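These notes are about the structure you will find just below.
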Amino acid sequence: MPDIDKISSLLGALNEQEVYDAIGEIISAQPTGETVLDTILACQKGMEIVGEEFEKGNYFIGELMYAAQIMDEAIGRLKPLLGTAGEGAESGIVVLGSVAGDIHDIGKSIFRSLLEASGFQVVDIGIDQQPEAFVSAIEKHRPHIVGLSGVLTLSIESMRKTVALIEEAGYRSDLKIIIGGSAASEEACFHSGADYWTKNAALGVKKCKEYRSEQQ
Amino acid sequence: MNSNNSIFEERKKTRDDLVSLKKPKRVPVFSIFTLEAACGLAEVSVMEAHYDLSVAEKAYDRICETFYSDSLPVLNLRYPPVYDALGSRNWVLGSNGSMQHSEVELMHTDEYDEFIAGPMKMIMEVFLPRACSELDKDSARAGIALAKAFAEYKSQVRNHAEIYGRLAEKHSYADGIITGPLTVAPFDFIADQLRGIKGIMGDIYRAPEKLLEAVNAVTPHMLKLAVPRGVAERIQCFIPLHLAPLINPAQFDRLYWPSLKRLVESADALGVGSTIFLEQDCTRYIESFDSLPDSMIAWIDDGDRESFAAGLGRNHVFGGFFDPTITLARSKEECIDEAKRLLDTCMDSGHFFFSFNRNVMDIKSIDIAKLAAVLEWVRNNAYY
């Protein structure tokens, strides 16, 4: 059985094949559910390393996206051994989507991968989503945090409308709202009525963790 | 000389001095709004404007009347009727009527070799049918669809040119920083149009040699887009960069930069300058951009202004940086102060133009009166 903790550093260093080889060895050793969970946690730690390197300026968006691909593949190989035990929302639930008028997906996907790697359950409602779709998802999933993504400047007004409808529906005080993507700025945050803005997915995840500590 | 002529002449001289790297009398103002923003201001449907250009023209005119600019302040690069005729899947209308690029993987990882051997053959015979439902039919029907789309494209270009001409005449606009066709960095073409961003971010690590060969194979075709036939005067093509700030410097140096440099240098040799939009923060690549021919104009989204002024502004025209969305949250005076700070940092070289960090796509993303006041202030005060 390979050293599970080593997977964290392998993923952190973006050694794709070595991550898969290590996971292959674990799988072939017919691991217990606990070992599989530990392996998933090791992958999550690897993603944390990637996020830290990104924050330090050593990694760029490209590295984040590549790491997310490795992570997705690794989790995909481990999940069948886990049943439903790994589906929990131990860190919290986040409803995430690109706002009305914006069909961009990449930034949202990076944020989703990093959130999932940090143990959040993410309900990704997709791109170009009307305010009503966010409210429906909030009603259904009762998230702790809502993430509004947008690349275009025209997203700012959609973000404002979405926050306003969440408020009107009576959910605003129960959750935190983060806006992200190229359209996000201090002014956009102020105008939209969101709680936090960032163009940096890793910082966004950090903020989500802070919010969850405050909420718990 | 009537007053309209004198306004035009003053603007033309200011712009011409700028692009020939002579210090103009004042900092030129090049405002840029999209059709969506124009329709928002004119309170007309953008969907209607896409298909009825008389509606678009009236909306553009409202922008011209409201916001100061030395050049035509409207820009529309994508025409929905053309994409409709093709049944496009990678360029689609958002629910608000704006044309947007959708992440579609048109080239699979195992198709690099075939693409490198014959890029145009693969684009025409394999990728375009994947991108467009109307081209994914038997050759007769696909041929008719392509002919229809091309006729629509020619008609749109001609009609837009007429509209722009009328507006330029009416408002005495000089040329701006984009006077030629759109092309893209070869790496961005492979990434955005063929592999998708997710795909390319894997290829960079898994197949960098193939990727580099593909980038090189497509470079001559990007040059063809930049250099139209039969244009006598010097023009500025437009190259909006996309992935440069997202990849690491070693990848940029190896995979992104050499073909872009070759594209810009080749276009320059053929009489076409390049206006490059540097999306996000490209401060770390100032030295590279400074090595391009002096016909290169940099329109900058974000980054260290002092470094750009010192590193790029000596030998090149540059501008941008001003974020129009600050007008939503700040007072008019604070917005003007921000413009003053920008000018203080950047205008000394005489090569700076005042413009937005990005074109305005939604009129509700700005405060109309405050932004108009900023532009007027720059027009009236940014003198050398």
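The figures that follow rest on heavy atoms only: side chains count, while hydrogens, waters and symmetry mates do not. In the text below, chain A, chain B and the rest are named by the order of the sequence lines, each starting its count at 1. Treat the numbers as computed from the prediction; the structure is a model and nothing was measured.
The CG atom of B:L328 sits 12.5 Å away from atom CD of A:E186, with the distance rounded to the nearest 0.5 Å. A distance of 6.0 Å separates CZ of A:F60 from CG of B:N248, quoted to the nearest 0.5 Å. Considering OG of B:S98 and CG of A:D128, their distance stands at 8.0 Å, rounded to 0.5 Å. The distance from atom OG of A:S185 to atom CD1 of B:I326, rounded to the nearest 0.5 Å, is 9.5 Å. One finds the CG atom of B:D367 at 12.0 Å from the CD atom of A:E187 (value rounded to the nearest 0.5 Å). For the atom pair CG (B:L243) and CD1 (A:I61), the distance works out to 10.5 Å, reported to the nearest 0.5 Å.
Contacts between A:S155 and chain B at a heavy-atom distance below 4.5 Å are absent for every atom of the residue. There is no contact between B:P324 and chain A, counting heavy-atom distances below 4.5 Å. With a threshold of 4.5 angstrom between heavy atoms, B:T325 approaches chain A through its backbone and through its side chain. Both the backbone and the side chain of B:L246 come within less than 4.5 Å of a heavy atom of chain A. Looking at A:L14, the atoms closer than 4.5 Å to chain B (heavy atoms on both sides) all sit in the side chain, from C-beta outward. When heavy atoms are compared at a cutoff of 4.5 Å, B:Q100 approaches chain A by way of both its backbone and its side chain. Within the 4.5 angstrom heavy-atom criterion, only backbone atoms of B:N359 (N, CA, C, O) approach chain A. Heavy atoms of A:Q17 lying under 4.5 Å from chain B are absent altogether.
When all heavy atoms are compared, the tightest approach of A:Y66 to B:G202 is CD1-CA, 4.2 Å. Of all non-hydrogen atoms in A:Q69 and B:K198, the two that sit nearest each other are NE2-O, 2.6 Å. For the pair A:M65 and B:I197, the tightest heavy-atom approach, listed with the atom from each and the gap, is CE-CG2, 3.7 Å. Between A:V151 and B:R358, the shortest heavy-atom contact is O-NH1, 3.8 Å. Across every non-hydrogen atom of B:M201 and A:G62, the tightest pair is SD-CA, 3.5 Å.
Here A:S182 is the residue among A:A183, A:S182, A:S158, A:A68 with the most heavy-atom pairs under 4.5 Å with chain B.
The main-chain N or O of B:D362 is never found under 3.5 Å from a side-chain atom of A:E157 such that the two would form a donor-acceptor pair.
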